[in-house]
Amino acid sequence: MESMVKRMSLMRLFGCLLIITASVGFGMQLKKELADHLELLYELRRLFVAISYAEIYAMQPVEQLLGQSLSTVPALQKALDEIKLALSEKSAAGGRMIWQETFGAAQKELGLTEEELAIVVDAGGTFFGNSVEENKRQLALCLERLDFVIEQSRAGQKEKQKVYQTLSVVCGFMLIILLL
C-alpha cells in the first residue's frame, strides 16, 4: 500500500515537471515566432532594396532578378520562385497582378498581417511600373511604411515576449494546482 502511494506521488511529481516543461517550452516557442516575424520584415525590406537597385541601376528585368536566391526565408523564396515562374511564362496577367496574387496566397504561410501584405503588394507593384522616377518615389513610401511597421513590431516584441512567457508559466502552475 505504501509502495502504491509512493508511486502515485512520483507520478504526480513527474506530471508536474512535464506540465512546467511544456509551459516553458510553449512560451519559448511564442518568443521564437515573434523573433521570426521581425526577421521576416527585415528580410522583406532588404529584398525590396536589392531588387530596386538591381532593376534600376543594372537594368535587369525582374524575372532575372528573381531567378537568383534572394531570401534566406524558405517561404519567401518559394513565393519569389512562383512569381519568377509566372513572369517567365508571360501569362496574361501583368507583373503587378502576379505579385499580388502570389503574396496573397502566401500570406498565411509567411505570417503577414493585412497591413504588411498591403505594403508588400504595393512595394512589389513598383517593380512593374512605367516610370523609373515614379517607381522610386513609390518604393520609398513603401519602405517608410515598412520601417514604421518594423519599429512597431520591435517595440512591442519585448513586451509580448515577457507576457507570453509569464502567462504560459502561470497557466502551467494553475494546471498543476487544478490537477493536484
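These numbers come from the heavy atoms of this one structure, side chains and all, not from hydrogens, waters or symmetry mates.
Under the side chain to side chain contact (heavy atoms under 4.5 Å, CB included) criterion, V121 pairs with Q100, L117, not counting sequence neighbours. Among residues two or more places apart in sequence or in another chain, the salt bridge (Lys or Arg N to Asp or Glu O under 4.0 Å) test is passed with E109 by K78. Partners of E134 under the salt bridge (Lys or Arg N to Asp or Glu O under 4.0 Å) rule, at least two apart in sequence or in another chain, are R137. Partners of E114 according to the side chain to side chain donor-acceptor pair (under 3.5 Å) rule, which considers only residues two or more places apart in sequence or in another chain, are Q107. Every salt bridge (Lys or Arg N to Asp or Glu O under 4.0 Å) that E43 has, sequence neighbours left out, goes to R46. The side chain to side chain contact (heavy atoms under 4.5 Å, CB included) test applied to T113 returns E115, E116, not counting sequence neighbours. Applying the side chain to side chain donor-acceptor pair (under 3.5 Å) test to E151 and every residue at least two apart in sequence or in another chain returns R154. With sequence neighbours left out, the salt bridge (Lys or Arg N to Asp or Glu O under 4.0 Å) criterion links R96 to no other residue.
Taking Ile, Leu, Val, Met, Phe, Trp and Tyr as members and joining any whose side-chain heavy atoms lie under 4.5 Å apart, directly or through other members, F148 forms no hydrophobic cluster with any other residue. Counting Ile, Leu, Val, Met, Phe, Trp and Tyr side chains that sit under 4.5 Å apart, directly or through other members, L18 shares a hydrophobic cluster with F14.
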*Carefully, step by step, assess F103 and I98 under the rule side-chain contact (heavy atoms from CB on, under 4.5 Å).*
CA-CA 9 Å; F103 274 99; I98 292 171; over 6 Å; no

*Evaluate the side-chain contact (heavy atoms from CB on, under 4.5 Å) criterion for residues K136 and T126: first the C-alpha distance (whole Å), next the side-chain angles of each, then the deciding distance (0.1 Å), finally the verdict.*
CA-CA 8 Å; K136 283 182 183 179; T126 64; over 6 Å; no

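Under the 4.5 Å side-chain heavy-atom criterion for Ile, Leu, Val, Met, Phe, Trp and Tyr, L141 and F48 are members of distinct hydrophobic clusters.
For S153 against L38, the heavy-atom pair with the smallest separation is CB-CD1, 3.8 Å. What you find for C142 and A123 is that their closest heavy atoms are SG-N, 3.5 Å. Taking all atoms of both residues into account, the shortest heavy-atom contact from L40 to L110 is CD2-O, 3.1 Å.
Not one N or O on the side chain of W99 forms a donor-acceptor pair closer than 3.5 Å with the backbone of D122.
Atom CZ of R45 and atom CZ of R145 lie 13.5 Å apart (nearest 0.5 Å). Atom CG of L112 sits about 9.5 Å away from atom CD1 of I119, to the nearest 0.5 Å. A distance of 10.0 Å separates CD1 in I150 from CD in E39, rounded to the nearest 0.5 Å.
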List, one per line, each side-chain donor-acceptor pair under 3.5 Å for residues 26-34, sequence neighbours excluded.
from: Q29; atom 1: NE2; to: E33; atom 2: OE2; distance (Å): 3.2
from: K32; atom 1: NZ; to: D36; atom 2: OD2; distance (Å): 2.8

